[in-house]
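The next block holds one structure in the form of structure tokens; read it before the comments.
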Amino acid sequence: IHAEPLEALPIWEGGEFLDEIDDGYIDALLAAAGPGVAAPFANVETRHFGGAMHREPTSPSAIGGRNAAFSLLIIGIDIPGVTDAALREQGPALLEAVQSWAHAEINYNWAGHPTDERCARLWSAETAAKLAEVRAQYDPEGRFAFDALAPGEVELSAAIEIDDRALETKYHVSVGQGEQFQEIAF
């Protein structure tokens, strides 16, 4: 639990799943975000994994990176004209600085603003093949595949009924280029 803000807040986030870390990892982390560094991050944390994270669930799942030993999570408040440029420069630089310790897979929740290269690491080859098989069977038009996140705007609407009252909701989704910015308003 990270003492989440009560109101919506624009953030930049990125992360990495890691194998064993050592003094070199700590040195790389501190050089990018330690004392005396003008780093724009609100949070930089390394977590140790194990226990339930490493156990396969009784039902199959597509959770990537279960065998990682550690994770790195970086969060910054994305304030236009104040921290936005620094976050987009220093965030990826910090992730690049720790690539020597990167695990083969990364969990989507830590992927931040995934590039094609990072998307390729979300699952093992076996899990990716199974997901492609499921996608081909249940989503042959590719509506829910990553390729659907092409730049542009999409209007979605949903109608649900609660206690005999019809409730209609419209969603506006903008998907941008570059860092794959996604905005969802409703």
Side-chain angles (χ1 to χ4, degrees), residues 1-49 63-65 68-123 128 142 144-156 170-186:
I1 297 178
H2 285 88
E4 302 292 337
L6 297 176
E7 302 296 324
L9 189 65
I11 64 165
W12 180 95
E13 64 180 345
E16 190 59 80
F17 272 23
L18 308 164
D19 290 322
E20 292 302 320
I21 59 175
D22 56 19
D23 289 345
Y25 168 80
I26 294 167
D27 291 343
L29 194 67
L30 292 175
V37 177
F41 311 120
N43 187 48
V44 176
E45 70 177 28
T46 300
R47 293 184 191 180
H48 182 255
F49 285 160
I63 302 295
F70 294 87
S71 71
L72 167 65
L73 179 63
I74 309 163
I75 299 173
I77 300 171
D78 195 357
I79 303 169
V82 179
T83 60
D84 56 338
L87 284 168
R88 282 161 182 72
E89 180 181 324
Q90 290 177 280
L94 175 49
L95 292 173
E96 182 61 33
V98 301
Q99 284 308 294
S100 297
W101 298 273
H103 186 63
E105 296 174 26
I106 186 170
N107 183 283
Y108 187 81
N109 293 334
W110 270 260
H113 306 275
T115 60
D116 288 343
E117 181 181 291
R118 289 174 73 75
C119 283
R121 294 179 48 222
L122 293 175
W123 302 284
F144 298 103
F146 284 119
D147 294 341
L149 294 180
E153 295 188 359
V154 179
E155 292 285 343
L156 305 172
K170 287 195 175 217
Y171 299 89
H172 175 81
V173 181
S174 298
V175 181
Q177 293 180 342
E179 294 179 347
Q180 296 189 8
F181 173 78
Q182 299 176 33
E183 170 190 317
I184 300 175
F186 52 93

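None of these values were measured; they are calculated from a predicted model. Throughout, residue positions are numbered sequentially from 1 according to the sequence presented.
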So, do [X] and [Y] sit near enough that their side-chain heavy atoms are less than 4.5 Å apart?
| X | Y | value |
| --- | --- | --- |
| D19 | H103 | yes |
| W101 | E16 | no |
| D84 | I79 | no |
| I21 | L72 | no |
| I11 | L87 | no |
| D78 | L9 | no |

Would you compute the distance between atom [atom1] of [X] and atom [atom2] of [Y] and round it to the nearest 0.5 angstrom?
| X | Y | atom1 | atom2 | value |
| --- | --- | --- | --- | --- |
| L30 | D23 | CG | CG | 10.5 Å |
| W12 | I75 | CH2 | CD1 | 10.0 Å |
| W123 | I106 | CH2 | CD1 | 12.0 Å |
| N43 | E13 | CG | CD | 10.5 Å |

Enclosure of Q99 CD (heavy-atom neighbours >12, cutoff 6.0 Å): yes

More than 12 heavy atoms from other groups under 6.0 Å of CG on D22: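 For D22, atom CG is crowded (more than 12 foreign heavy atoms under 6.0 Å).
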
Mutual orientation of the aromatic rings belonging to H48 and F70 [parallel < 30°, tilted 30-60°, perpendicular > 60°]: perpendicular

Polar side-chain atom of T83 near backbone of I77 as donor-acceptor pair, under 3.5 Å: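 Such a contact is found between T83 side chain and I77 backbone.
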
Minimum heavy-atom distance [X]-[Y], with the two atoms named:
| X | Y | result |
| --- | --- | --- |
| Q90 | A39 | NE2-CA, 4.0 Å |
| R118 | A111 | NE-O, 3.4 Å |
| L94 | A28 | CD1-O, 4.4 Å |
| A102 | R121 | CB-NH2, 4.0 Å |
| A33 | F41 | CB-CD1, 3.9 Å |

I63/Y108 under side chain to side chain contact (heavy atoms under 4.5 Å, CB included): CA gap, chis, key distance, verdict: CA-CA 8 Å; I63 302 295; Y108 187 81; over 6 Å; no

Ring centre gap for F17 and F49 strictly below 6.0 Å: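 Close enough - the centres of the two rings lie under 6.0 Å apart.
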
